[in-house]
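Data first, discussion second: the structure below is written as structure tokens.
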Amino acid sequence: MAFFKKKKHQQLSEEIVLPEHIGIIMDGNGRWAKKRKLPRSAGHNAGGKVFRTISRYCSDIGIKYLTVYAFSTENWKRPEEEINALMKLFKDYLEEALMDFKDDSIVVRFIGDKTHFSDELKALMIENEEGSKDRDGMVLNIAMNYGSRDEIVRAVKSISNDVKNNKLSVDSIDEKLISDNLYTAGQPDPDLIIRPSGEYRISNFMLWQAAYTEFVIMNKLWPDFTTDDLDEAIKIFNNRNRRFGGV
Ligand code: IPE
Ligand code: IPE
Ligand code: MG
């Protein structure tokens, strides 16, 4: 963990320790729209704007890794109309992101199974990844068609294949090898996971990686989430006593 160097924001003091890796379960778009008698898609659009503000802010204050949960492997269960609106939003975002982040330092990565998306979306994802991979700033993992159980199944299959092909012995399977076979290979585990919208559950997000993550549940719906709320979550994180099983 790095010590926080204040860059742009006044609320966080110099003594605050920044989490190296933050995860955010961007939840509550539908309820936000319902409260306003708007279609759920309006909530997703509003949530998309907040995502851009918060990812930019995290990069500005010096967060090294940010993982945002945008679409889960279970979200395909939703009505077709909502799925279509989400895919349109992803496409618009990815097209703009290419322009937005042109002169930026952010490394964009997608975690999850890309194969379920349209060819157009897949191409945009790859273009964003390729275009940003040599940068040196914050790593932004966008979890799309991501499910942690699916991720673990993939890791098990890949390791099993290596064992079957005599590339690996059973004895060499350890925690690091499993971590190295996840989408987040090479990245530190999240220090802090924030869930807005007041739900007390993990919803298939980073199950392996979150073994010792601090959770902060906030009562705001994601489209109402502000940079002050992010500061607040970091402050709460700073008051936690992380023991990792020690004393
Ligand atoms: C999160 O908001 C966005 C996605 C899952 C794509 P929701 O759509 O789950 O919003 P609520 O939880 O119904 O309010
Ligand atoms: C988790 O939210 C997934 C995302 C935010 C992308 P959900 O709204 O899908 O989770 P549940 O159904 O409330 O557990
Ligand atoms: Mg939800």
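Any value given below was found using the heavy atoms of this structure, including those in side chains, with hydrogens, waters and symmetry copies removed. Remember, it's 1-based here, ligands and their atoms both numbered in the order they're listed.
Proximity of Ser72 to ligand 1, defined as any heavy-atom pair under 4.0 Å, is not found for any part of the residue. Proximity of Ala143 to ligand 2, defined as any heavy-atom pair under 4.0 Å, is not found for any part of the residue. No part of Lys77 comes within 4.0 Å of ligand 2, judged by heavy-atom distances. Residue contacts with ligand 1, taken as heavy atom pairs separated by less than 4.0 Å, involve Arg40 solely via side-chain atoms from C-beta onward.
Judged as a side chain to side chain contact (heavy atoms under 4.5 Å, CB included), and not counting sequence neighbours, the contacts of Val156 are Ile152, Ser160.
Among the atoms of Asn29, some N or O lies under 3.5 angstrom from an N or O of ligand 1.
Taking every heavy atom of Asn75 and a limit of under 4.0 angstrom, the matching atoms of ligand 1 come to 5 (C). Numbered from 1 in the order shown, with element, the atoms of ligand 2 that lie under 4.0 Å from a heavy atom of Phe71 read 6 (C). Atoms of ligand 1 found under 4.0 Å from any heavy atom of Arg31, numbered from 1 in the order shown, are 11 (P), 12 (O), 14 (O). Which parts of ligand 2 touch Ser203 is read off a 4.0 Å heavy-atom cut-off, strictly below it: atoms 1 (C), 10 (O), 11 (P), 14 (O). Counting atoms of ligand 1 from 1 in the listed order, those under 4.0 Å from a heavy atom of Asp27 are 1 (C), 2 (O), 7 (P), 9 (O), 10 (O), 11 (P), 12 (O).
Between Lys64 and Glu20 there is no salt bridge, since none of the side-chain N atoms of the basic residue sits less than 4.0 Å from a carboxylate O of the acidic one. A salt bridge between Lys91 and Glu95 is present, with a side-chain N of the basic residue lying under 4.0 Å from a carboxylate O of the acidic one.
Listed by chain and number, the protein N, O or S atoms at a distance under 2.8 Å from the Mg ion (ligand 3) are Asp27 OD1.
Within the 4.0 Å heavy-atom shell around ligand 1 one does not find Lys34. Between Ser197 and ligand 1 there is no heavy-atom distance shorter than 4.0 Å.
Relative ring orientation between Trp76 and Phe117 is described as tilted, the plane-to-plane angle lying within the 30° to 60° band.
Among all non-hydrogen protein atoms, the one lying nearest atom 6 (C) of ligand 1 is Ala70 O, 3.3 Å. Here the protein heavy atom with the shortest distance to atom 2 (O) of ligand 2 is Arg195 NH2, 3.6 Å.
Considering Met144, Arg78, Met26, Arg201 only, the shortest heavy-atom separation from atom 7 (P) of ligand 2 involves Arg78.
By the definition of a contact as any protein heavy atom under 4.0 Å away, atom 12 (O) of ligand 2 is not in contact.
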Go through the steps for Phe51 and Tyr93 under the test ring-ring contact (aromatic ring centres under 6.0 Å, His included), then give the verdict. CA-CA 10 Å; Phe51 157 65; Tyr93 168 73; 5.1 Å; yes
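Using modelled atom types, one side-chain atom of Thr213 and one backbone atom of Pro190 make a donor-acceptor pair closer than 3.5 Å.
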